[in-house]
Amino acid sequence: MDKFRITSGFRRRILVVEDEMINREILGNILGPLYEVAFAENGLEAWKLLNDGQYLFSLILLDLIMPFMDGFELLQKIKKDEVLKSIPVIVMTSEKEAEVQCIRNGAVDFIKKPYDMPEVILARCERTIELYEDKSIIRSVERDSLTGLYSKDMFLEYVRRIDSYKLNRPMDAIVLDIEHFRLINEMFGRKEGDKLLSFTADLIRRKYECTAAIACRAEGDTFFIYCEHSDVNIDMAKDIQNELYSASDSMKVKLRIGIYEEVDKNIDTETRFDRAKLACDRLRGDYSKKVAYYSDELQARSIYQERLISDIEKGIANEEFRVVFQPKYDISGDIPRIKSAEALVRWFHPDLGTIPPTEFIPLFENNGLISKLDNYVWEKAAASIREWKDNYGISIPVSVNVSRVDIYDNSLEDRIMKLLAANRLDTDDILLEITESAYSENAKKLIEVTTSLRNRGFKIEMDDFGAGYSSLHMLNELPIDVIKMDMKFVHNLEKDEKSVRLIELIMDIARFLQVPVVAEGVENEGQLSRLKALGCTIIQGFYFSKPLPYDEFTALCVKSG
Ligand code: C2E
Ligand code: CA
Ligand code: CA
């Protein structure tokens with residue numbers, strides 16, 4: 001554990017302010033073996049050196065009588081300076097009376113002139129530096145009791161310290177985060193969770209011990225590492241990741257790694273780790289990548305996404321979201337006929353322009369905001385269906401997208417029923433599209449909700465079928481009415497035979513379940529005729545129509561009778 005201490009190995013810097021050359025030489029000889037020593041010949045020179053920011057000094061040895069600016073004046077200036085005042089000053093003097101005045105002005109100790117034995121001077125300097133460093137560090141509890149790593153406060157203090165000693169060295173900030181730690185705690189108990197944290201800390205120590213890295217447990221299951229930049233850093237982190245995975249047996253622990261390489265030292269220490277954490281969080285739920293790097297684009301993207309999140313409520317209130325309708329055609333007869341439509345949302349943001357749903361839907365799904373938006377879309381869709389009935393005598397069912405988050409909302413059914421009542425609609429008027437990925441998450445809840453909705457009379461479409469996890473095993477238990485084949489099968493239809501085989505398979509499943517298949521993403525005649533030959537009867541895609549605004553869609557329906 002002590003390998004992680006960084007106090008050894010870094011040479012502190014002492015500033016000697018003394019006008020007599022012989023004295024500078026003596027002090028240089030005494031201190032040189034242990035410290036970096038800088039010299040100034042008078043107060044003015046020292047003041048310049050202290051302020052040019054190139055070096056951070058751990059101690060100042062100050063003569064009193066000097067030309068241009070004497071020691072008294074310099075001491076006063078230092079103690080009035082917000083940054084410099086924390087550097088301890090030892091005054092070198094032969095006059096007893098001067099001592100009192102210097103103490104009043106903030107000096108911490110004295111060295112008598114002519115000089116004592118070298119050991120005495122060295123001991124005084126060492127003790128003062130130690131005392132002062134401890135003072136600033138001890139106020140934060142030094143170590144995390146569970147893992148023995150530094151506490152976060154202490155760690156950040158050391159990061160600042162390291163920066164002052166490694167001024168020109170590029171440094172890396174690394175964040176390690178255990179995926180699903182809360183779940184592990186719940187499933188295996190807190191004790192096992194604690195063990196896992198200690199084990200991870202141990203791995204970090206073992207891997208990085210030969211470097212001058214420092215590490216801490218920042219909070220819960222998040223670890224910070226600060227080290228000199230090297231490509232090896234990331235390899236070591238990956239080793240930890242692998243070892244943790246193989247050592248954790250049934251837990252199958254995944255460690256996310258985020259790295260901010262060659263940190264910008266002008267930004268504060270905590271922000272550097274925020275950046276590494278930002279990269280790290282990108283890996284949440286993504287099993288294809290092991291490591292994520294912070295970049296300016298990532299930062300820009302995350303600012304953009306924050307913006308979208310903070311603007312959604314206002315956007316809904318100001319009607320910036322519009323619903324468009326994409327027709328689904330029945331191609332079983334000679335002439336294709338509009339059978340129904342899918343409601344899709346668009347965001348016309350006053351500053352950011354038109355934003356496609358792929359930019360904001362996954363974002364809002366992650367934090368639950370999607371419910372509000374879905375509700376808004378459903379309301380608009382319901383009102384539109386009503387208007388088509390009233391104004392044109394057209395009855396056209398509309399599918400709406402139902403997100404995972406909606407499934408977990410116990411008021412879902414109630415909300416939809418109220419919506420129907422308010423618009424004098426029937427369960428035939430609205431179809432519910434549930435994406436396949438929702439099926440794998442909490443099967444029990446999903447079966448419960450869809451069964452209940454179906455008992456009410458709603459039709460359920462399984463969206464993006466075949467896109468993600470296989471839900472074949474669930475099809476038995478899960479009541480569905482329509483399969484919506486994922487677009488990628490259609491897009492690959494003409495390119496590879498495998499897709500054709502898969503479409504045939506999906507058609508077989510549909511026949512077995514006695515449900516129709518909707519093919520979406522159909523863009524050309526070739527795709528259309530092949531799908532028709534394969535037995536697909538409902539088509540949605542640019543070939544027939546893009547998603548249309550209310551007026552255009554209405555006109556299309558009126559025209560097609
Ligand atoms: P989705 O539910 O699979 O919707 C179909 C997407 O395919 C739509 O993209 C549609 O515009 C696009 N599309 C239709 N025909 C073609 C075609 O021929 N070629 C190609 N390349 N694309 C076609 P869109 O509108 O960008 O929506 C993307 C996704 O965003 C939707 O995928 C859905 O998952 C989500 N989404 C859209 N609106 C809503 C909404 O109101 N609520 C929720 N929860 N999700 C929505
Ligand atoms: Ca859909
Ligand atoms: Ca789809």
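Both ligands and their constituent atoms are indexed starting at 1 by order of listing. We're numbering straight along the sequence, starting at 1. Keep in mind that the numbers below use all heavy atoms, side chains included, and drop hydrogens, waters and symmetry copies.
- With hydrogens left out, the protein atom closest to atom 12 (C) of ligand 1 is Met487 CE, 3.9 Å, a heavy atom.
- Here is the list of ligand 1 atoms found below 4.0 Å of a heavy atom in Val377: 41 (O).
- Residue Ile361 has no N or O atom closer than 3.5 Å to an N or O atom of ligand 1.
- Remark: atom 22 (N) of ligand 1 lies closer than 4.0 Å to at least one protein heavy atom.
- A salt bridge does not link Asp264 to Arg275: none of the charged nitrogens lies less than 4.0 Å from a carboxylate oxygen.
- Nearest-heavy-atom check against atom 38 (N) of ligand 1 across Val323, Asn524, Val345 picks out Val345.
- Counting just the N/O/S atoms of Asp464, the one with the shortest distance to the Ca ion (ligand 3) is named OD1.
- A salt bridge links Asp177 with Arg256: the closest approach of a Lys/Arg side-chain nitrogen to an acidic carboxylate oxygen falls below 4.0 angstrom.
- The existence of a salt bridge linking Lys277 and Asp274 is excluded, since no basic side-chain nitrogen approaches an acidic carboxylate oxygen closer than 4.0 Å.
- For ligand 1, the polar-atom distance check finds an N/O of Ser403 within less than 3.5 Å of one of the ligand's N/O atoms.
- Between Tyr376 and Phe321, the ring-plane angle classifies as perpendicular under the 30° and 60° cut-offs.
- Protein heavy atom in closest approach to atom 24 (P) of ligand 1: Pro357 CG, 3.5 Å.
- Ion pairing between a basic and an acidic side chain is recognised when a charged N comes within 4.0 Å of a carboxylate O; Asp163 and Arg272 show such pairing.
- Considering Asp463, Thr435, Asp486 only, the shortest heavy-atom separation from atom 1 (P) of ligand 1 involves Asp463.
- Residue Ile416 is tested with Val400, Leu432, Asp406 for a side chain to side chain contact (heavy atoms under 4.5 Å, CB included); the sole match is Leu432.
- For atom 34 (O) of ligand 1, no protein non-hydrogen atom is found at a distance below 4.0 Å.
- Using a cut-off of 4.0 Å between Lys/Arg side-chain N and Asp/Glu carboxylate O, Glu520 and Lys484 are scored as salt-bridged.
- Within the structure, the closest approach of Pro547 to ligand 1 falls below 4.0 Å when heavy atoms are considered.
- Among the atoms of Glu520, no N, O or S atom is found under 3.0 Å from the Ca ion (ligand 2).
- The closest side-chain heavy-atom distance from Tyr260 to Val175 is not below 4.5 Å.
- Shown here for Arg346 and Pro547, the closest heavy-atom pair between the two residues is NH2-CG, 3.6 Å.
- A salt bridge is defined here as a Lys NZ or Arg NE, NH1 or NH2 lying under 4.0 Å from an Asp or Glu carboxylate O, and Arg511 with Asp508 meets this definition.
- Put simply, the side chain of Met171 does not reach to within 4.5 Å of the side chain of His229, judged on heavy atoms.
- Neither the backbone nor the side chain of Lys546 comes within contact range of ligand 1; no heavy atom lies under 4.0 Å.
- By the 4.5 Å heavy-atom criterion applied to side chains, Leu352 and Tyr304 are counted as neighbours.
- Figure legend: Lys546 and Phe542 shown as a cation-pi pair, the cationic atom lying under 6.0 angstrom from the six-membered ring centre and within 45 degrees of its axis.
- If you number the atoms of ligand 1 from 1 as listed, the ones under 4.0 Å from a heavy atom of Val522 come out as 18 (O).
- Counting atoms of ligand 1 from 1 in the listed order, those under 4.0 Å from a heavy atom of Asp464 are 3 (O).
- Atom 29 (C) of ligand 1 lies below 4.0 Å from none of the non-hydrogen atoms of the protein.
- A salt bridge links Arg454 with Asp481: the closest approach of a Lys/Arg side-chain nitrogen to an acidic carboxylate oxygen falls below 4.0 angstrom.
- Distances from ligand 1 to the non-hydrogen atoms of Lys484 include no value under 4.0 Å.
- Counting protein heavy atoms only, atom 42 (N) of ligand 1 is closest to Asp374 OD1, 2.7 Å.
- Residue-to-ligand polar distances place Arg346 within reach of ligand 1: an N/O pair is separated by less than 3.5 Å.
- A salt bridge links Glu243 with Arg206: the closest approach of a Lys/Arg side-chain nitrogen to an acidic carboxylate oxygen falls below 4.0 angstrom.
- For ligand 1, the atoms sitting less than 4.0 Å from at least one non-hydrogen atom of Glu523 are 17 (C), 18 (O), 19 (N), 20 (C), 21 (N), numbered in the order shown with element in parentheses.
- When every heavy atom of Phe489 is checked against every heavy atom of Phe465, the shortest pair comes out as CE1-O, 3.4 Å.
- In summary, no N, O or S atom of Thr435 is located under 3.0 Å from the Ca ion (ligand 2).
- The N, O or S atom of Asp463 lying closest to the Ca ion (ligand 2) is OD2.
- For Glu342, the N, O or S atom with the smallest separation from the Ca ion (ligand 2) is OE2.
- Taking each of Phe321, Phe360, Phe542 in turn, the one with a heavy atom nearest to atom 16 (C) of ligand 1 proves to be Phe542.
- Distances from the Ca ion (ligand 2) to the N/O/S atoms of Glu433 are shortest for OE1.
- Using 4.0 Å as the threshold, Gln540 has no heavy atom nearer than that to any atom of ligand 1.
- Here the heavy atom of the protein found nearest to atom 8 (C) of ligand 1 is Leu344 CD1, 3.9 Å.
- Of the N or O atoms in Thr358, none lie within a sub-3.5 Å distance of an N or O in ligand 1.
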